[in-house]
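All values derive from a computational prediction rather than experimental measurement. Residue numbers count from 1 along this sequence.
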Amino acid sequence: MASKMNQLFCSGLEVANFVVSSGLLKLSWAKILDCYGGFNLNELQNLGLSIKWKAYQQANINILVFTTSPIFTKSHLQYSKQLVSSTAFKESFPVFEFLCNNGNSFSIHKAAIALFADHFHELLQLKAECGRNSNSLIVTGHSLGGSVASLFTLWLLESLDISLAKRPLCLTFGSPLVGDKGFQQAISQHPPWNSCFLHVAATSKDSIPRLFIAPHDLNSMDLDSKSDDYKPFGTFLLCCEDGCTWSDNPEAVSELLMAVETEDTGNEEWTINVYSRIIEQLESMIVRKGISQVNEPILNSLRAGTTLQIEAIRIRNEQLLIKKLEELEEICMFNKGKAFDPAKKLNVIKIKMAELEWYKKVAKANETGYYDCYKKQLSRRDRDIIKHKKFLTKYWKEVVAQNERKPQKQLVYLRSRWLYAGTTYRRMVEPLDIADYYRDGGSNYVTNGRSHHYIKLEQWLEADEKQSRFRIDTKKQNVDVILTDDSCFWANVEEARQWCKTLKTADVGMISERLCLRQKLMEFEVYVMEQIKKYAVSSEIFLKGSSFMQWWKEYEMLIEPFHNSPLTDFIRNCKFQQYASGCLALS
């Protein structure tokens, strides 16, 4: 575990070297300079704040540049640190409402969101143009233009169909932090989005990237920030003339930004030359990969990686900072190790589901059906199934919880493979939960007892228009082995049995109550027949030992001899035998 942790951490320097040597920095920065071209900075300092954008096409890459005019520098920003809560602009400007998961809120830099809102209609048209182009897209910007670039990229990601287009890369230079911890968490909880952001900061020359970070004591390991604290997200490339390093650990990024003493250039309103010079120098050097320049031997690879990160951006002999960065990275990697990864357990899940399939087959051979076999709990095999059910339920609850943490409009994009597997699980396992519920004396399962994760899996299936649906002809051919579509079918059967019992014992004088119960039972008849016509119920429900057939016996004793309905005709004439073989023609 430790070796893996150290390996992942130390590879950051190589990643930083790759990003620099790939030419992405130079290409994007060149377009930013071109976008700034023609500005008379002295004249623009007195004009109102606005943003400018320009699109470039080069080979198979489109580059979209955002800049501010006048350039929004430290002197402007230090008087506009205010955050605005998502609840405050929810009604007037709900563009980023999709980041609100499970009722949480977040805050965004007021100047950035104000600029975005002021140019919303033009940006809406720009977004549509980006959506029509299949080329790879880099969205870039400098200073506050980088903040707007980040917001625009998020907006693109929210509506992106990844089956038709690639995710954009947002590359910012000298951008202030954009939002608070709630904003950071909303993005970080969706790793594919978080990986789309790379923020470049000239640590020793540009103080803007660190401007909104609240100072704190390095000796403290309290990671709980105030609600009004700015927090970084995405990956940060921290640069100086001597080298660069990277980190995607937000706590470590904050520490590194605060630890660097920014030089007073004497001209803080203009940092463009700083980035031009650093990019040119970095392209001609190799980011350090070894520990040859460390004065004393370092045996711990995590310590070596931390020291090199600090040295790469001109922080030397900062032992307290090194120690804290080590602790932060250990915590980060420990949490990543604990993070739930559905794919890692997929093979185990398949084995557990195969066990349930076999149990279902054995129960059917006993003319009972697996629902009733499990409900009676007569054999050791029945009790063994409880373990499989608990394992599967824990797994799918975690899958659902993980997916709910994604931005709202991404929830329906649970990949078809997972949605199909989740649907099979729900249809197989929820009947067992229903059996437990009614065995323990429960009533009205759908309202009072149904687990949230079953509800969400069903809702996502209904919302996914691309999910393939079996045609009735296909179901007819497989009706002997299919699972019942409605995973709450057995809850409806149990309720119907309770209605029969109540009707049987109800006083003759209770006319309205008896009429109400009869009406419910007739509605249940209609419901069952609709499922049969769609070949949406397993033929298991007609086994002689099933709860459904027990309901029929109880119901038949209560209805008048002349009562006739499609379901009574179906059962009395044993048409379910033809149904089980797929030979019954239903209209």
Side-chain angles (χ1 to χ4, degrees), residues 353 356 359-360 363-364 368-377 382 385-386 388-390 392-394 396-397 400 422-462 479 482-505 516-556 558 567 570-571 576:
M353 288 297 291
L356 289 183
Y359 177 73
K360 181 175 181 288
K364 185 175 182 180
T368 303
Y370 85 107
Y371 171 79
D372 288 279
C373 191
Y374 177 82
K375 185 180 179 183
K376 292 173 183 177
Q377 293 284 302
D382 304 326
I385 291 299
I386 296 174
H388 301 316
K389 181 174 78 75
K390 286 182 177 179
L392 289 164
T393 296
K394 181 181 179 182
W396 281 104
K397 280 185 175 181
V400 169
T423 300
T424 302
Y425 153 78
R426 175 174 58 83
R427 290 171 177 171
M428 175 70 80
V429 176
E430 187 168 15
L432 305 184
D433 276 348
I434 293 170
D436 285 333
Y437 184 80
Y438 284 96
R439 190 195 314 112
D440 295 337
S443 64
N444 202 349
Y445 166 85
V446 173
T447 301
N448 301 327
R450 196 178 192 201
S451 174
H452 172 76
H453 78 293
Y454 290 134
I455 296 172
K456 298 309 295 185
L457 285 171
E458 186 172 12
Q459 288 176 350
W460 292 338
L461 179 69
E462 293 171 354
V479 71
I482 65 169
L483 293 167
T484 298
D485 282 5
D486 184 0
S487 55
C488 290
F489 175 83
W490 291 107
N492 294 325
V493 172
E494 295 288 358
E495 291 298 314
R497 293 192 70 184
Q498 289 185 3
W499 297 333
C500 286
K501 182 178 180 181
T502 305
L503 183 59
K504 183 178 179 180
T505 58
C516 181
L517 290 169
R518 286 186 179 276
Q519 179 63 33
K520 288 181 178 180
L521 287 164
M522 285 189 287
E523 290 173 357
F524 178 67
E525 277 194 66
V526 173
Y527 159 76
V528 173
M529 202 61 214
E530 286 177 349
Q531 303 303 305
I532 291 172
K533 287 180 177 179
K534 294 186 293 185
Y535 276 89
V537 288
S538 169
S539 61
E540 278 191 5
I541 73 169
F542 303 114
L543 294 173
K544 63 181 181 181
S546 77
S547 289
F548 176 76
M549 295 307 286
Q550 292 301 313
W551 164 81
W552 167 250
K553 291 177 183 177
E554 295 159 0
Y555 183 56
E556 194 174 28
L558 295 172
L567 183 63
F570 182 86
I571 297 179
F576 53 81

J.: Is any side-chain heavy atom of H452 less than 4.5 Å from a side-chain heavy atom of K397?
T.: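 Heavy-atom side-chain distance check fails, nothing below 4.5 Å.
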J.: Looking at NZ of K544 and OG1 of T368, how far apart are the two atoms once the value is rounded to the nearest 0.5 Å?
T.: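 The distance works out to 8.5 Å.
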J.: With a 4.5 Å cut-off on side-chain heavy atoms, are E430 and C488 touching?
T.: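 Heavy-atom side-chain distance check passes, below 4.5 Å.
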J.: Is a side-chain donor-acceptor pair under 3.5 Å present for K456 with Q459?
T.: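 On atom types as modelled, these side chains qualify, holding a pair under 3.5 Å.
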J.: Taking the basic N atoms (NZ, or NE/NH1/NH2) and the acidic carboxylate oxygens, is any pair closer than 4.0 Å for E494 and K375?
T.: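 Looking at E494 and K375, the cut-off is met.
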J.: Any idea which heavy atoms bring D485 and R427 closest together, and the distance?
T.: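 D485 and R427 have their closest heavy atoms at O-NE, 3.1 Å.
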J.: Set out, in order, the CA-CA distance, both residues' side-chain angles and the distance that settles side chain to side chain contact (heavy atoms under 4.5 Å, CB included) for F542 and I532, then state yes or no.
T.: CA-CA 11 Å; F542 303 114; I532 291 172; 3.8 Å; yes
J.: Check this for me: does any side-chain nitrogen of one of K376 and D382 sit under 4.0 Å from a carboxylate oxygen of the other?
T.: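 Answer for the salt bridge query: no.
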J.: Would you say that Y454 contacts V400 through its side chain, given a criterion of any heavy-atom pair below 4.5 Å between the two side chains?
T.: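 A side-chain contact under 4.5 Å is absent here.
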J.: Below 4.5 Å, heavy atoms only, C-beta onward: do L432 and I385 meet side chain to side chain?
T.: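 The answer is yes; the side chains approach within 4.5 Å.
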J.: State, to 0.1 Å, how close Q498 and S443 come at their nearest heavy-atom pair, and which atoms those are.
T.: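 Here Q498 and S443 meet closest at OE1-CB, 3.7 Å.
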J.: I need the C373 SG to K360 NZ distance, nearest 0.5 Å.
T.: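 Answer rounded to 0.5 Å: 12.5 Å.
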J.: Kindly say whether N444 contributes a backbone atom to a donor-acceptor pair with the side chain of T447 at under 3.5 angstrom?
T.: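 No, the answer is negative, given that no donor and acceptor are paired below the 3.5 Å cut-off.
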J.: Out of curiosity, F524 CZ to Q519 CD, how far, rounded to the nearest 0.5 Å?
T.: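 Here the interatomic distance stands at 14.5 Å.
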J.: Got a donor-acceptor contact below 3.5 angstrom from the T484 side chain to the D486 backbone?
T.: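 Checked: no pair found.
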J.: Report the C-alpha distance between T423 and L457 in whole Å, list the side-chain angles of each, state the deciding distance to 0.1 Å, and finish with yes or no for side chain to side chain contact (heavy atoms under 4.5 Å, CB included).
T.: CA-CA 7 Å; T423 300; L457 285 171; over 6 Å; no
J.: Please check if any side-chain donor atom of D433 sits under 3.5 Å from a side-chain acceptor atom of Y445, or the reverse.
T.: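 Their side chains do not contain a donor-acceptor pair, so the 3.5 Å distance test is not met.
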J.: Kindly determine whether K389 and D436 satisfy salt bridge (charged side-chain N to carboxylate O under 4.0 Å, His left out), including the steps that lead there.
T.: CA-CA 11 Å; K389 181 174 78 75; D436 285 333; 3.3 Å; yes
J.: State, without any angle test, whether Y438 and E495 hold a side-chain donor-acceptor pair at a distance under 3.5 Å.
T.: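 On atom types as modelled, these side chains qualify, holding a pair under 3.5 Å.
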J.: Relative to the ring of W490, is the ring of Y371 parallel (under 30°), tilted (30 to 60°) or perpendicular (over 60°)?
T.: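 Aromatic pair Y371/W490 classed parallel.
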J.: In plain terms, say whether E458 and R450 are close enough for a salt bridge, that is, a side-chain N and a carboxylate O under 4.0 Å apart.
T.: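 R450 and E458: salt-bridged.
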J.: Is it true that K504 and E554 have a side-chain N and a carboxylate O under 4.0 angstrom from each other?
T.: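 E554 and K504: not salt-bridged.
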J.: Measuring only between side-chain heavy atoms, which start at C-beta, is M428 closer than 4.5 Å to S487?
T.: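 Of all side-chain heavy-atom pairs linking S487 with M428, none is under 4.5 Å.
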J.: If you take all heavy atoms of Y374 and A435, which pair is closest and at what distance?
T.: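 Smallest heavy-atom distance, with atoms named: CD2-CB, 3.8 Å.
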J.: With a 4.5 Å heavy-atom cut-off, do F489 and V493 have their side chains touching?
T.: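 Of all side-chain heavy-atom pairs linking V493 with F489, at least one is under 4.5 Å.
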J.: Tell me yes or no: between the side chains of D372 and S546, is some donor less than 3.5 Å from an acceptor?
T.: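 Their side chains do not contain a donor-acceptor pair, so the 3.5 Å distance test is not met.
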J.: Does a side-chain heavy-atom distance below 4.5 Å link Y370 with L356?
T.: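 No, every pair of side-chain atoms sits at 4.5 Å or beyond.
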J.: Distance under 6.0 Å and angle within 45° of the ring axis: does R497 meet both against F548?
T.: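 No, R497 does not lie over the aromatic ring of F548.
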J.: State the CG-CH2 distance between L517 and W499, to the nearest 0.5 angstrom.
T.: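 Atom-to-atom, L517:CG and W499:CH2 are 8.5 Å apart.
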J.: How about N448 and Y437: does a side-chain donor come under 3.5 Å of a side-chain acceptor?
T.: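 Not at all, the side chains of N448 and Y437 share no donor-acceptor pair under 3.5 Å.
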J.: Should W551 and C500 count as side-chain neighbours, where that means a heavy-atom distance under 4.5 Å?
T.: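 Yes - at least one pair of side-chain heavy atoms lies under 4.5 Å apart.
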J.: Atom CD1 in I386, atom OG1 in T393: separation rounded to 0.5 Å?
T.: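 Rounded to the nearest 0.5 Å, the CD1-OG1 separation comes out at 11.5 Å.
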J.: Quick one: CD1 on I434 to CZ on R439, what's the gap to the nearest 0.5 Å?
T.: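 Between I434 CD1 and R439 CZ, I get 12.5 Å after rounding to 0.5 Å.
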